[in-house]
Protein chains: 2
Amino acid sequence: MAARTDTAAEPRIPLRKERVLAAAIALADETGIESLTMRRLAHELGVEAMSLYYHVANKEEVLDGMVEVLMSEINSEVSQIEAGTDWKAVMRQRILAARQVLLRHRWAPGVIESRINMGEGVVRYFDSLLGLFRAGGFSYDLAHHALHALGSRGLGFTQELFDPADDAGDEDAMAMLEQMADQLPNLVGMMMEISHDDPDSTLGWCDDQTEFEFGLDLILDGLDRAHESA
Amino acid sequence: MAARTDTAAEPRIPLRKERVLAAAIALADETGIESLTMRRLAHELGVEAMSLYYHVANKEEVLDGMVEVLMSEINSEVSQIEAGTDWKAVMRQRILAARQVLLRHRWAPGVIESRINMGEGVVRYFDSLLGLFRAGGFSYDLAHHALHALGSRGLGFTQELFDPADDAGDEDAMAMLEQMADQLPNLVGMMMEISHDDPDSTLGWCDDQTEFEFGLDLILDGLDRAHESA
DNA sequence: ACCTGAACACCGTTCAAGT
DNA sequence: ACCTGAACACCGTTCAAGT
């Protein structure tokens with residue numbers, strides 16, 4: 001242990017904030033955000049926990065940085081979508097593209113929402129959406145309402161209250177539904193109709209992507225109408 | 001300290017889960033969810049932290065319970081709204097009533113979203129919304145899409161990405177905006193128009209309630225149209 | 001310049017023990 | 001039946017110290 005150097009010891013590239021963030025993202029991607037601790041992150045980088053603080057002020061800065069890295073990925077992906085004459089079609093494409101990136105980083109929605117101030121990347125992204133509204137002829141006032149109405153959906157996610165597994169399949173949830181059946185006439189009726197129409201669909205009949213697009217189109221169409229009637 | 005009983009010692013009502021939850025809610029209301037720790041909660045109840053575990057399995061059960069208490073408040077408030085022939089008007093009233101309750105418990109959105117399974121109260125609430133859609137003539141299929149489209153807005157909240165202070169007023173955010181001005185042509189343009197139209201409005205010109213209702217009406221109107229054209 | 005060891009002030013939670 | 005003390009296995013973070 002003492003005199004032995006590690007076999008083929010790597011030159012030990014010094015850490016950089018960049019490397020810390022990349023490792024943090026990889027760790028969160030693979031094992032979930034709840035297992036992203038400073039100690040674990042340091043371990044992943046082959047270093048003691050305290051070393052991180054030389055490159056980063058605190059854990060919040062790590063989380064801020066993770067969001068920035070991710071948003072720059074989204075922004076560069078989104079900027080490749082060529083602008084057309086139809087603001088709605090372009091915005092739809094951009095938002096669904098952003099969503100694809102977020103789906104690869106399940107920790108992102110929670111972390112983004114937990115930030116106190118929007119980072120530069122997020123601001124830049126919403127500036128681009130605002131630009132699309134403006135190009136489509138929206139007043140600043142309506143475009144402003146529109147951004148609020150989109151909310152996180154504009155970035156490609158909605159924090160689902162009933163998670164996909166809940167609608168069917170999840171045992172705990174189903175057990176509760178059955179137990180409360182008399183108090184939940186409408187939900188029970190809905191479940192029965194579904195299982196009647198398609199007996200095999202009890203598991204996973206809620207498609208996240210479909211529901212996301214339904215809600216998105218509802219809002220975009222509504223905004224379109226609000227704009228045209230203005 | 002030893003032989004002396006406390007002056008006018010209260011009979012020391014034994015804890016109950018109910019009292020634990022009430023204290024937890026009061027604590028979270030007053031000092032924020034981040035200061036709700038088992039130790040602090042116990043202290044508030046004049047007891048040691050470990051005593052709580054006699055009444056409650058763990059902290060998750062405390063959080064679950066807080067949501068249930070709150071939802072029963074919402075459900076009882078909402079059930080007082082008399083049903084009318086216009087599903088949209090009734091639903092709007094219910095959702096805005098739920099929102100009023102949530103505004104008194106700022107911790108609620110975050111805690112609700114962090115629950116793994118919806119509690120009974122939340123399920124009951126959404127069953128009632130589903131009932132409204134059905135009474136309005138919606139198919140189960142459309143009503144189901146509708147619930148997803150509403151998401152947390154159906155319960156009266158949206159997790160705002162840009163918090164109200166951000167749009168203007170917040171010094172950090174404004175500093176960033178100025179620094180990035182050239183990269184954010186649309187946001188800067190919007191800010192300029194606003195401050196031109198109403199020089200005093202730089203602070204707090206985003207009204208949460210207005211934005212919430214705008215988004216809500218956008219969705220409800222869209223659903224109404226989807227239903228009528230079906 | 002970059003990294004570390006020891007230590008601090010917290011967490012949630014367990015378990016055996018008290019009354 | 002209800003509560004507690006001591007202890008465990010974690011956190012994030014500081015600070016003085018190493019190379």
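Below, chains carry the letters A, B, ... as their sequence lines are ordered, and counting in each starts from 1. Note that this is a predicted model, so its numbers are computed, not measured.
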Next on the checklist: Measure CZ/A/Arg19 against C1'/C/dC3 and give the value in whole Å, please.
Outcome noted: 13 Å
Item to check | Atom pair distance, as rounded to whole Å: CG in A/Leu45 and P in C/dC2 | outcome: 15 Å
Checklist outcome for this item: Sequence neighbours excluded, the answer for side chain to side chain contact (heavy atoms under 4.5 Å, CB included) partners of A/Val123 is A/Met118, B/Met176, B/Leu177, B/Leu184, B/Leu187
Item to check | Donor-acceptor contact below 3.5 Å, side chain A/Ser152 vs main chain A/Phe157 | outcome: yes
Next on the checklist: Tell me the interatomic distance from B/His43, atom NE2, to D/dG5, atom C1', rounded to whole angstroms.
Outcome noted: 18 Å
Checklist outcome for this item: Counting only Watson-Crick and G-U wobble pairs with both atom distances below 3.5 Å, the stems of 3 or more consecutive pairs that include DNA chain D are C:4-8 with D:12-16, C:12-16 with D:4-8
Checklist entry - Starting at CD1 of B/Ile33 and ending at P of C/dC11, how long is that distance when rounded to a whole Å? => result 14 Å
Checklist entry - Got a sec: does the CD of B/Gln183 have more than 12 other heavy atoms crowding it under 6.0 Å? => result yes
Checklist entry - Rounded to whole angstrom units, what separation is found between the CE atom of B/Met38 and the P atom of D/dC3? => result 14 Å
Checklist entry - Can you check whether B/Leu130's main-chain N or O pairs, donor with acceptor, with B/Asp127's side chain at less than 3.5 Å? => result no
Checklist outcome for this item: Between B/Arg39 and B/Arg16, whichever has its closest DNA chain D nucleotide further toward 5' is B/Arg16
Next on the checklist: Has B/Tyr140 got a side-chain atom pairing as donor or acceptor with A/Met192's backbone, closer than 3.5 angstrom?
Outcome noted: no
Next on the checklist: How many whole angstroms separate atom CG of B/Leu41 from atom P of C/dT13?
Outcome noted: 12 Å
Item to check | Donor-acceptor contact below 3.5 Å, side chain B/Thr31 vs main chain B/Ala28 | outcome: no
Item to check | Flag if over 12 foreign heavy atoms under 6.0 Å of CZ, A/Arg16 | outcome: no
Item to check | Rounded distance (Å) that lies between atom P of D/dA1 and atom NZ of B/Lys17 | outcome: 19 Å
Checklist entry - Do the side chain of B/Glu68 and the main chain of B/Glu120 share a donor and acceptor less than 3.5 angstrom apart? => result yes
Item to check | Rounded interatomic separation in angstrom, taking CZ from A/Arg40 and P from D/dA9 | outcome: 18 Å
Checklist entry - Using a heavy-atom distance cut-off of less than 4.0 Å, which residues of residues 48-55 of chain A contact DNA chain D? => result A/Met50, A/Tyr53
Item to check | Any donor-acceptor N/O pair, A/Asp64 side chain to A/Gly119 backbone, under 3.5 Å | outcome: no
